[in-house]
Number of protein chains: 2
Amino acid sequence: MDVKTLCLGVLIRGEASGYEIKKQLEEGPLAQFCRAGFGSIYPALGQLKAKGLVTWSEHSQEGRPDKKIYRITDQGIAAFRKALRKEPSDDRVHSESLFMIFFQGFLDSGRAAEIVDAYRETYRQIATRMRVADLTEAPAGHRFVHAIGQSIYEAIVDAVERNRHLLSEDVDKKALATEK
Amino acid sequence: MDVKTLCLGVLIRGEASGYEIKKQLEEGPLAQFCRAGFGSIYPALGQLKAKGLVTWSEHSQEGRPDKKIYRITDQGIAAFRKALRKEPSDDRVHSESLFMIFFQGFLDSGRAAEIVDAYRETYRQIATRMRVADLTEAPAGHRFVHAIGQSIYEAIVDAVERNRHLLSEDVDKKALATEK
DNA sequence: GCGTCCATGTAAATGGTTACATGATTAT
DNA sequence: ATAATCATGTAACCATTTACATGGACGC
C-alpha cells in the first residue's frame, strides 16, 4: 500500500490533518502494518488534492502554521474502493532482530540473548496493550484484524520463551564452568 | 537490512552466483524476512566487489552468460559482523490482505471472505512446509528463527479459523434469508 | 535549559522495483 | 507451442527516508 492509499484509509474514517494522519498511523488500529513519515504524507496529500480525491480547509492558529484539515471526497472514496479491489500482494515481514539471531554464530557472545530479550519484551508490551483494547463498538473488519494481530504477538512471546534455551547454551556452559 | 548485507549473509554460508543468491533468499531459511530482485542484487554485488568485500571467479558456460561465483572475503566477514552489531530496527509487517480486511465495509460483498480464505491457505502451506523441515544439523540461530516463524504461521492459521465467523455474518444472513 | 508536542513543508539522497535486452535448454 | 529454469546486467522510474527550516507552548 502506498502512502496515498494509507491516507485515504485514514480519511475515510474521518477528517484529519497531515499531522493527525501520522499519529493515527502510529497509534491507531492500523499501526501494526503501516508506517509513514511527514516526508511522505505531505507530498501524498498534495497529490490527492491535485487529483480531487480530498478537499481541505485551513484553520488559522496562533503561533503555529495553519492547520489544514483534509476530508475525503466521493471521488476519493471511489478511488479507495478501487485500490481495495486489487489482488493483495504477499505479506512482507522485515525483522532485523530475527535476521541477526539467525546469524547467531557471528554475533558477539551474549548479544543474541540480549536481542531476543528485547524482542520478547517489545511484543509482550504490544500484546498487553491489545488485550485491554475495547472493540465492542468496532466493525467486524477491525475486530478480525485485531484478533489476528493479537494472536500473532502472543504467539511470538510464547515461542520466544519456549525456544530461548536454544540461544543460551554457551551461556549455560559458562555458568557450569564457573560453578566447578 | 539492505541488499548488500543480505548478500553477505548468503555468501557467509557459502559461495554463490547472483542468481543463486536470489534463489536462496526465496527458498532458503531466510525466505520469510528477505526479498530481493536481480535489479538490486547485481548492483549490490558490484558495490561489494568494489569495496573488496567479495571476490569472484568466472566460469564460462555454453549458450549462457558466464557464471560468476562470488565468495566473501575476510573484509566481507568483518563488514557483516559490523552490520550485525547495530541495534536492530523495529519489525515491519506489510500485509495488504489484512489492510483490505480491516476496511471490510468498503469491500464488495463476499470479497473479505475470499481474501481471508486465500490468506489462511497461504499460511497453512508455509506452516506445513516448515513442519517437515529437517533442522537437526542446523545451528541454534537457524533453529530458533525457524521455531518462531513456525509458531507465527500456525498462530495465523489458527486465529483465522477462530475469527472467520466475524466476516461471514452478512453471508449467513443471506443464507438464512434464502432458506426462508 | 531540554525534551516533547503541536504543525507544515521541501530537497537531497537512498534504495528498490520494473521493464528491457539476450538467449539456450528442458519440461509440459 | 509455451512456460520455466538458467544466467547476467542496465536504465528509467518510483517511493521513502532523512535532514533541514521554522517556531511557540508546556512540563520537568
Side-chain angles (χ1 to χ4, degrees), chain A residues 1-11 15-27 33-51 54 56-70 83 86-87 89-94 96 99, chain B residues 1-8 10-11 15-28 33-51 54 56-70 83 86-87 89-94 96 99:
Chain A
M1 290 296 167
D2 57 19
V3 179
K4 287 202 288 288
T5 309
L6 250 45
C7 289
L8 289 178
V10 171
L11 293 174
E15 53 179 35
S17 66
Y19 189 88
E20 286 161 355
I21 288 172
K22 182 164 185 261
K23 263 187 73 176
Q24 283 197 41
L25 288 177
E26 274 166 2
E27 298 164 16
F33 340 97
C34 306
R35 190 160 315 175
F38 292 127
S40 52
I41 289 172
Y42 288 121
L45 251 11
Q47 286 173 260
L48 293 173
K49 272 199 288 201
K51 287 185 186 172
V54 299
W56 71 104
S57 54
E58 292 192 31
H59 299 250
S60 51
Q61 300 182 122
E62 286 168 41
R64 287 180 194 176
D66 290 357
K67 188 172 177 172
K68 290 184 190 171
I69 305 286
Y70 293 88
K86 294 190 325 178
E87 274 308 302
S89 62
D90 288 346
D91 285 6
R92 261 182 256 177
V93 184
H94 259 267
E96 290 198 356
F99 181 89
Chain B
M1 288 295 167
D2 58 18
V3 179
K4 288 202 289 290
T5 309
L6 250 44
C7 289
L8 289 178
V10 171
L11 292 174
E15 53 180 34
S17 65
Y19 189 88
E20 286 161 356
I21 288 171
K22 182 164 185 262
K23 263 188 73 177
Q24 284 196 43
L25 289 177
E26 274 166 3
E27 299 164 17
F33 341 96
C34 307
R35 191 161 312 177
F38 291 129
S40 53
I41 289 172
Y42 288 121
L45 250 12
Q47 287 171 262
L48 292 172
K49 272 200 288 203
K51 287 184 185 171
V54 299
W56 71 104
S57 55
E58 292 192 30
H59 299 250
S60 50
Q61 298 182 125
E62 286 167 41
R64 286 179 195 173
D66 291 358
K67 187 173 178 171
K68 289 184 188 168
I69 305 286
Y70 293 89
K86 295 191 322 181
E87 274 308 302
S89 61
D90 289 346
D91 285 5
R92 260 181 260 178
V93 183
H94 258 267
E96 291 199 356
F99 181 88

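Here is the naming used below: chain letters follow the sequence lines, and residue numbers restart at 1 for every chain.
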- Do we get B:K22 above B:F38's six-membered ring, with its NZ or CZ under 6.0 Å from the centre and within 45° of the axis? yes
Please give, in whole Å, the distance from [N] [atom2] to [X] [atom1]?
X     : N      : atom1 : atom2 : value
A:E27 : C:dC6  : CD    : C1'   : 13 Å
A:H94 : C:dG16 : NE2   : C1'   : 10 Å
B:K22 : D:dA4  : NZ    : C1'   : 12 Å
B:L6  : C:dT17 : CG    : P     : 10 Å
A:I41 : C:dT8  : CD1   : P     : 10 Å
A:Q24 : C:dC5  : CD    : P     : 17 Å
A:R92 : D:dT16 : CZ    : P     : 11 Å

- Query: Is the closest side-chain heavy-atom distance between A:E15 and A:W56 below 4.5 Å?
  - Reply: no
- Is the closest side-chain heavy-atom distance between A:I41 and A:Y19 below 4.5 Å? no
- Please name all residues satisfying side-chain hydrogen bond (donor to acceptor under 3.5 Å, both in side chains) with A:Q47, sequence neighbours left out, ordered by chain then number. none
- Task: Using a heavy-atom cut-off of under 4.0 Å over every strand shown, decide if B:K23 touches base, sugar-phosphate, or nothing.
- Result: sugar-phosphate
- Does a nitrogen or oxygen in the side chain of B:S40 sit under 4.0 Å from OP1 or OP2 of C:dG15? no
- Query: Could you give the angle between the helix axes at the two ends of the helix from C:dG1-D:dC28 to C:dT28-D:dA1, with five pairs per end, rounded to 10 degrees?
  - Reply: 50°
- Query: Excluding sequence neighbours, so at least two apart, what forms salt bridge (charged side-chain N to carboxylate O under 4.0 Å, His left out) with B:E27?
  - Reply: none
- Please name all residues satisfying salt bridge (charged side-chain N to carboxylate O under 4.0 Å, His left out) with A:K67, sequence neighbours left out, ordered by chain then number. A:E20
What nitrogen or oxygen pairs link the protein and nucleotides 7-15 of chain D at under 3.5 Å?
{"from": "D:dA7", "atom 1": "OP1", "to": "B:Q61", "atom 2": "OE1", "distance (Å)": "2.8"}
{"from": "D:dA7", "atom 1": "OP2", "to": "B:K67", "atom 2": "NZ", "distance (Å)": "3.3"}
{"from": "D:dT8", "atom 1": "OP1", "to": "B:K68", "atom 2": "N", "distance (Å)": "3.2"}
{"from": "D:dT8", "atom 1": "OP2", "to": "B:Y19", "atom 2": "N", "distance (Å)": "2.8"}
{"from": "D:dT8", "atom 1": "OP2", "to": "B:Y42", "atom 2": "OH", "distance (Å)": "2.8"}
{"from": "D:dT8", "atom 1": "O5'", "to": "B:Y42", "atom 2": "OH", "distance (Å)": "3.3"}
{"from": "D:dG9", "atom 1": "OP1", "to": "B:K68", "atom 2": "NZ", "distance (Å)": "2.1"}

- Under 6.0 Å from the CZ atom of B:R92, do we count more than 12 heavy atoms belonging to anything else shown? no
- Item | Heavy atoms from other residues, nucleotides or ligands near NZ of B:K51 exceed 12 (cutoff 6.0 Å) | no
- Taking only residues two or more places apart in sequence or in another chain, which ones pass side chain to side chain contact (heavy atoms under 4.5 Å, CB included) with B:E96? A:M1, A:K86, A:P88, A:S89, B:M100
